[in-house]
Amino acid sequence: MIRTDIIEDTVVSLLKEAVTSLPEDVLSALKKAEKNERSEIARTQLRTILNNIDAADSMAVPMCQDTGIHVFFVSGRITPGIEDRIRAGTLRATNEIPLRPNAVHPLTRENPGTNVAEGLPYVVFHPSSADYTEITVMPKGAGSENMTALAMLTPSQGIKGIKKFILDTVVNAAGKPCPPTILGIGIGGTADEATALSKKALLRPLDQRNADQSVAELESDLYEALNMTGIGPMGLGGDTTTLGVNIEIAYCHTASLPVAVNLQCWAGRRATARIYADGTVEYLTRGGSE
């Protein structure tokens with residue numbers, strides 16, 4: 001069994017990594033956008049974003065004041081009590097990094113000041129026979145999360161209807177989710193499964209297309225179309241409205257076509273580590289072991 005104190009320490013390290021630095025694929029996409037952007041206003045916005053990222057990384061402080069709510073994906077070996085250790089690690093990280101306490105009661109808006117409460121942090125488990133426990137954290141800010149959309153399309157609307165719904169969602173969101181955004185899209189399954197898939201899609205690096213060729217073509221088509229909307233960085237116009245489009249699918253009922261969109265702001269924050277039975281921790285996003 002994996003020691004629970006190692007799990008807690010790893011969660012603290014992952015949260016610090018996630019809020020203070022970006023994965024290389026997201027950083028590369030931002031640099032490419034700044035290089036190729038034709039609008040001077042848009043280039044200024046992208047340069048400001050890149051300068052902000054450098055400052056956060058060098059000073060080891062959060063790159064955005066909204067350090068989000070914390071979504072964890074746990075796969076492989078599931079150690080008993082792991083969710084308690086994730087909650088304890090989140091509480092420690094809130095105090096030590098620090099993280100802004102964002103978790104509030106949905107009705108009373110009471111804030112315990114800990115980022116730990118009923119339903120938060122949100123933990124998704126995918127057990128397997130692997131000889132390690134893999135933990136990924138994705139801090140999710142409200143500006144982008146509030147733009148989430150779900151449509152229960154009819155099969156007759158097909159790919160044309162899917163594209164229209166996604167384009168309409170991004171256009172209606174405009175500058176609210178702090179573009180350039182990353183789009184996670186879930187297609188198929190049930191309503192709740194499509195929404196879960198849309199968030200899972202945000203975990204895939206931007207330079208990796210879906211293995212299903214028909215899905216990969218839709219990702220490319222949407223990427224091109226969305227960057228023709230002219231919304232641009234921070235909604236101020238330009239060529240770069242989205243940094244990437246990732247789609248995950250599930251088979252669905254013959255009479256259904258659920259489609260969910262989960263937007264991520266330019267700060268596509270995520271961090272992953274694997275914990276082995278001997279206590280070794282391998283940090284996959286930044287590299288290195290402890």
Side-chain angles (χ1 to χ4, degrees), residues 18 21-39 42-43 45-46 49-50 52-53 63-64 68 71 73 136-141 143-145 147-149 159 162-163 165-171 173-187 194-235 238-249 259-272 284-285:
S21 61
L22 285 184
E24 187 57 39
D25 60 292
V26 179
L27 186 58
S28 295
L30 284 164
K31 290 178 178 178
K32 180 180 177 181
E34 192 272 336
K35 180 180 178 180
N36 295 334
E37 181 60 62
R38 294 175 296 175
S39 163
R43 279 199 305 274
Q45 297 301 312
L46 290 166
I49 288 171
L50 289 167
N52 179 81
I53 293 167
M63 67 186 71
C64 178
V71 184
F73 297 84
T136 297
V137 64
M138 181 171 65
K140 198 66 168 60
S144 57
E145 185 70 4
M147 299 299 106
T148 301
I159 292 178
I162 292 171
K163 289 181 176 179
F165 167 64
I166 294 166
L167 281 164
D168 287 347
T169 297
V170 174
V171 170
K176 294 176 184 176
C178 294
T181 55
I182 300 167
L183 262 70
I185 299 168
I187 302 175
T195 305
L197 286 171
S198 71
K199 187 154 283 171
K200 178 185 176 183
L202 293 172
L203 302 180
R204 182 168 15 115
L206 299 179
D207 53 3
Q208 294 181 15
R209 295 275 57 84
N210 192 292
D212 184 316
Q213 186 58 36
S214 63
V215 179
E217 289 176 2
L218 181 56
E219 290 174 334
S220 297
D221 289 349
L222 285 166
Y223 175 80
E224 182 177 350
L226 291 166
N227 282 319
M228 294 175 64
T229 60
I231 294 169
M234 298 301 165
D239 300 316
T240 315
T241 296
T242 184
L243 297 174
V245 177
N246 287 352
I247 301 173
E248 297 294 333
I249 66 165
V259 183
V261 178
N262 193 262
L263 285 94
Q264 178 63 290
C265 63
W266 61 261
R269 299 166 290 185
R270 65 178 190 274
T272 301
L284 302 181
T285 314

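Just the heavy atoms: all of them, side chains too, but no hydrogens, waters or symmetry mates, feed the values below.
- For E224, the side chain to side chain contact (heavy atoms under 4.5 Å, CB included) criterion is met by M228, not counting sequence neighbours.
- The two residues P205 and R270 come nearest to each other via the heavy atoms CA-NH2, 3.5 Å.
- Among residues two or more places apart in sequence or in another chain, the side-chain hydrogen bond (donor to acceptor under 3.5 Å, both in side chains) test is passed with R209 by E219, N246.
- Taking a cutoff of 4.0 Å between a charged side-chain nitrogen and a carboxylate oxygen, E145 and K199 qualify as a salt bridge.
- Take K32 and apply the side chain to side chain contact (heavy atoms under 4.5 Å, CB included) test, not counting sequence neighbours, and it matches N36.
- Across every non-hydrogen atom of W266 and N52, the tightest pair is CH2-ND2, 3.6 Å.
- What you find for G141 and R269 is that their closest heavy atoms are N-NH2, 3.8 Å.
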Scan the side chains in residues 174-185 for donor-acceptor partners under 3.5 Å anywhere in the protein, sequence neighbours excluded, and list what turns up.
from	atom 1	to	atom 2	distance (Å)
T181	OG1	T241	O	3.4

Trace of the side chain to side chain contact (heavy atoms under 4.5 Å, CB included) decision for L222 with T242: CA-CA 10 Å; L222 285 166; T242 184; over 6 Å; no
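- Among residues two or more places apart in sequence or in another chain, the side-chain hydrogen bond (donor to acceptor under 3.5 Å, both in side chains) test is passed with T240 by E37.
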Worked check of side chain to side chain contact (heavy atoms under 4.5 Å, CB included) between L30 and L46: CA-CA 7 Å; L30 284 164; L46 290 166; 4.2 Å; yes
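- Partners of E248 under the side-chain hydrogen bond (donor to acceptor under 3.5 Å, both in side chains) rule, at least two apart in sequence or in another chain, are R204.
- In this structure, K200 places its NZ atom where only 12 or fewer heavy-atom neighbours from other residues, nucleotides or ligands lie under 6.0 Å away.
- The two residues P23 and G268 come nearest to each other via the heavy atoms CD-O, 3.5 Å.
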